[in-house]
Engineer: 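Below: one structure in C-alpha cells.
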Amino acid sequence: MKIGILCYPTFGGSGVVATELGKALAQKGHQVHFITYSQPVRLEHFAENVFYHEVTVADYPLFEFSPYETALTSKLVDVALFEKLDIVHVHYAIPHASVAYMARQILLSRGTYLPFITTLHGTDITLVGKNESYNPVVTFAINQSDAVTSVSDSLRRDTFQNFSIEKEIEVIPNFIDLRRFNKMRKDHFRRAIAPNNERLIIHASNFRPVKRVSDVVSVFNRVQEKIPAKLLLIGDGPDRSKVEKECRECSACEHIRFLGKLEAVEEILSIGDLFILPSETESFGLAALEAMACQVPVISTNTGGIPELNVQGVTGFMSNVGDVEDMARNAIHILEDDERLLQFKANALRHAREFDIQQILPRYEALYDRVLAGATKTA
Ligand code: GMT
C-alpha cells in the first residue's frame, strides 16, 4: 500500500506517533511518504520504503501569514499524483484534516479518489480545536474524513462533547516500540548523574503551560527533603525559563538538571526510577508510556486519557491536577523501599507491553484495508 502521512515534524507526541507508525508500516513493506515542512525528528536514519517530501511555503510581501495549508495541499496533490498514493493518514486535525479534504476534492476533479484518515491526538480537540477560530473547519474536516481515530476513549468522548460529529471514532491507543525502548541501562550515565546512587526522577515534555512543569519541581522539592534524589528535565518550550527561575530559587536547585531536547530519550529514561507527568490535560500521555517501557513507574494526574494508561497503585499513582502534596506522598511511597520500587518497575514494563507496536500496528492496517475497500465504491 502507498500511504501519505501528514504530521507535525517536531518533538510533539502526535509527530512521534506518526513517524513511528510510518517507520513500522515501511518495515512491513508499505511505501510511506511523509509530507511536512521539515524532516520529522524521529526520522533520523535512512529507511527502506520511507520518503520525505518537504513543503516549501513561497513568501510574498503581501502575506502577513504564510499560507502553509495551501502549500501543503499543493504538495499533497503533487505527491499523490506522482507516487500514486492509495490513502492519506493525517495526524492532528489542525490543519491536516482540512488540507487532506481539499486535496481529495482537487484529485476528485481529476478523476481519482484519495481517501483520508484523521487521527485525533489531544490538544487539536481539547484545547485549540474547540476555539471558535477553528471549530467549524475542524468539525467539517472530521466529518468528511473517510475514517477517524482517537488515541484514547477519553479523547473520543471529548470530541463528541465539543464538536457536532456524525462519524464513528475508533479508539486506537498510542503505542511503543519495545525493541527500542526496553534496552540495556546505560549505567555509566547513571553513575555520572547520581554518583551516590540517589533516586533519579525524570520529566519529559514540550514545556507548554498544559504540562504544569512547575508542579514537577514542587513535587521534587518535597521528595528531596525525605530521600536523596536528582531531577532530570528533558525537553524545551515556552515555560522553560520560568521553570528554570523557580529552580534557581528552590533549595533542591543543585540536584536539578535541564537536558533540553533529546532524541534518544530512552537512554535517559532507562536509568530513571520515577517519571512525573502532572499535566492539566493529557489525551493519552505517550511520554509516560515511554517511561513505563523503560521500567519507570509514573506519578501523574488523573486527567483525560491518563487513567487508561497508568494503573493506580500498580504502575504508579494518579492525583488530582495540582495536588503536589499527594503526588509527593505517592512518589516517596514508591521510592523509599527498594523492593517496592522494583515491583513498580516490573509492573510498569509488563503493562507497557500491552501497547507494543506489534499489537497496535495491525489495527491501523485493518482500518486502511476497510477504508480502501469503501473508497473503491465511492470513487
Ligand atoms: O502535548 C504534547 O506533548 C504534544 C501533543 C501533540 O499532539 O503533539 O500530544 C498529544 O498527542 C500525544 C500523542 O497522541 C498524546 O500522547 C498526548 O497526550 C497529547 N497531549 C495532550 O493531550 C496535552
Side-chain angles (χ1 to χ4, degrees), residues 7 11-24 41-42 91-92 119-123 126 149-156 171-183 185 200-206 208 210-211 216 232 234-235 262-279 281-318 327 334 344-364:
C7 64
F11 279 86
S14 62
V16 168
V17 168
T19 313
E20 296 295 348
L21 175 64
K23 290 195 305 196
V41 279
R42 288 269 177 104
H91 292 262
Y92 206 90
T119 289
L120 308 170
H121 279 273
T123 51
T126 54
T149 75
S150 74
V151 298
S152 64
D153 202 43
S154 142
L155 183 60
R156 180 179 179 276
V171 177
I172 304 185
N174 283 176
F175 52 81
I176 189 89
D177 183 352
L178 273 159
R179 285 168 310 181
R180 169 178 170 175
F181 270 82
N182 185 21
K183 282 205 291 210
R185 279 160 60 103
L200 211 55
I201 300 178
I202 301 177
H203 168 80
S205 76
N206 47 29
R208 293 197 201 127
V210 70
K211 302 291 176 183
V216 177
L232 298 179
I234 303 173
L262 288 183
E263 274 174 36
V265 69
E266 69 276 15
E267 292 186 346
I268 295 299
L269 287 174
S270 71
I271 56 168
D273 294 309
L274 198 68
F275 188 84
I276 305 187
L277 189 70
S279 306
T281 162
E282 198 72 65
S283 67
F284 180 88
L286 179 63
L289 174 58
E290 292 184 338
M292 284 161 63
C294 293
Q295 306 191 42
V296 181
V298 173
I299 292 292
S300 69
T301 46
N302 51 14
T303 180
I306 299 181
E308 295 170 49
L309 172 68
N310 195 9
V311 186
Q312 184 76 344
V314 178
T315 60
F317 286 99
M318 293 178 290
M327 290 183 224
I334 295 179
F344 271 91
K345 281 174 173 260
N347 295 348
L349 174 60
R350 189 173 340 101
H351 192 52
R353 287 192 209 284
E354 291 177 24
F355 299 89
D356 187 23
I357 190 162
Q358 303 307 330
Q359 317 276 345
I360 307 296
L361 186 66
R363 297 185 55 187
Y364 277 115

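Fair warning: this is a prediction, and the values are worked out from it, not measured in the lab. Just the heavy atoms: all of them, side chains too, but no hydrogens, waters or symmetry mates, feed the values below.
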Engineer: Could you tell me the separation between the CE atom of Met292 and the CZ atom of Arg353, rounded to the nearest 0.5 Å?
Structural biologist: 12.0 Å

Engineer: Decide yes or no for Lys345 and Pro297: does some side-chain heavy atom of the first lie under 4.5 Å from some side-chain heavy atom of the second?
Structural biologist: yes

Engineer: Rounded to the nearest 0.5 Å, what's the gap from CG on Leu155 to NE2 on His121? Could you check?
Structural biologist: 9.5 Å

Engineer: Looking at CG of Asn302 and CD of Gln312, how far apart are the two atoms once the value is rounded to the nearest 0.5 Å?
Structural biologist: 8.0 Å

Engineer: Return each pair, listed once, that meets salt bridge (charged side-chain N to carboxylate O under 4.0 Å, His left out) where at least one residue sits in residues 284-301; pairs must be two or more places apart or across chains.
Structural biologist: Arg42-Glu290

Engineer: Is the backbone of Leu309 close enough, under 3.5 Å, to the side chain of His351 for a donor and an acceptor to pair up by distance?
Structural biologist: yes

Engineer: Quick one: side-chain hydrogen bond (donor to acceptor under 3.5 Å, both in side chains) partners of Ser279, sequence neighbours excluded?
Structural biologist: Glu282

Engineer: Under a 4.5 Å cut-off applied to non-hydrogen side-chain atoms, are Tyr92 and Thr123 in contact?
Structural biologist: yes

Engineer: Quick one: CZ on Phe284 to CZ on Phe355, what's the gap to the nearest 0.5 Å?
Structural biologist: 4.5 Å

Engineer: Are a donor atom and an acceptor atom from the side chains of Thr119 and Thr149 found within less than 3.5 Å of each other?
Structural biologist: yes

Engineer: Looking only at non-hydrogen atoms, find the nearest pair between Cys294 and Leu269 and report the distance.
Structural biologist: SG-CB, 3.6 Å

Engineer: About how many Å separate CG of Asn310 and CZ of Phe317, when rounded to the nearest 0.5 Å?
Structural biologist: 9.5 Å

Engineer: When rounded to the nearest 0.5 angstrom, what distance separates CG in Leu277 from NE2 in His203?
Structural biologist: 7.0 Å

Engineer: Is the backbone of Asp177 close enough, under 3.5 Å, to the side chain of Glu20 for a donor and an acceptor to pair up by distance?
Structural biologist: no

Engineer: Just by distance, no angles: are the side chains of Asn347 and Thr315 close enough, under 3.5 Å, to form a donor-acceptor pair?
Structural biologist: no

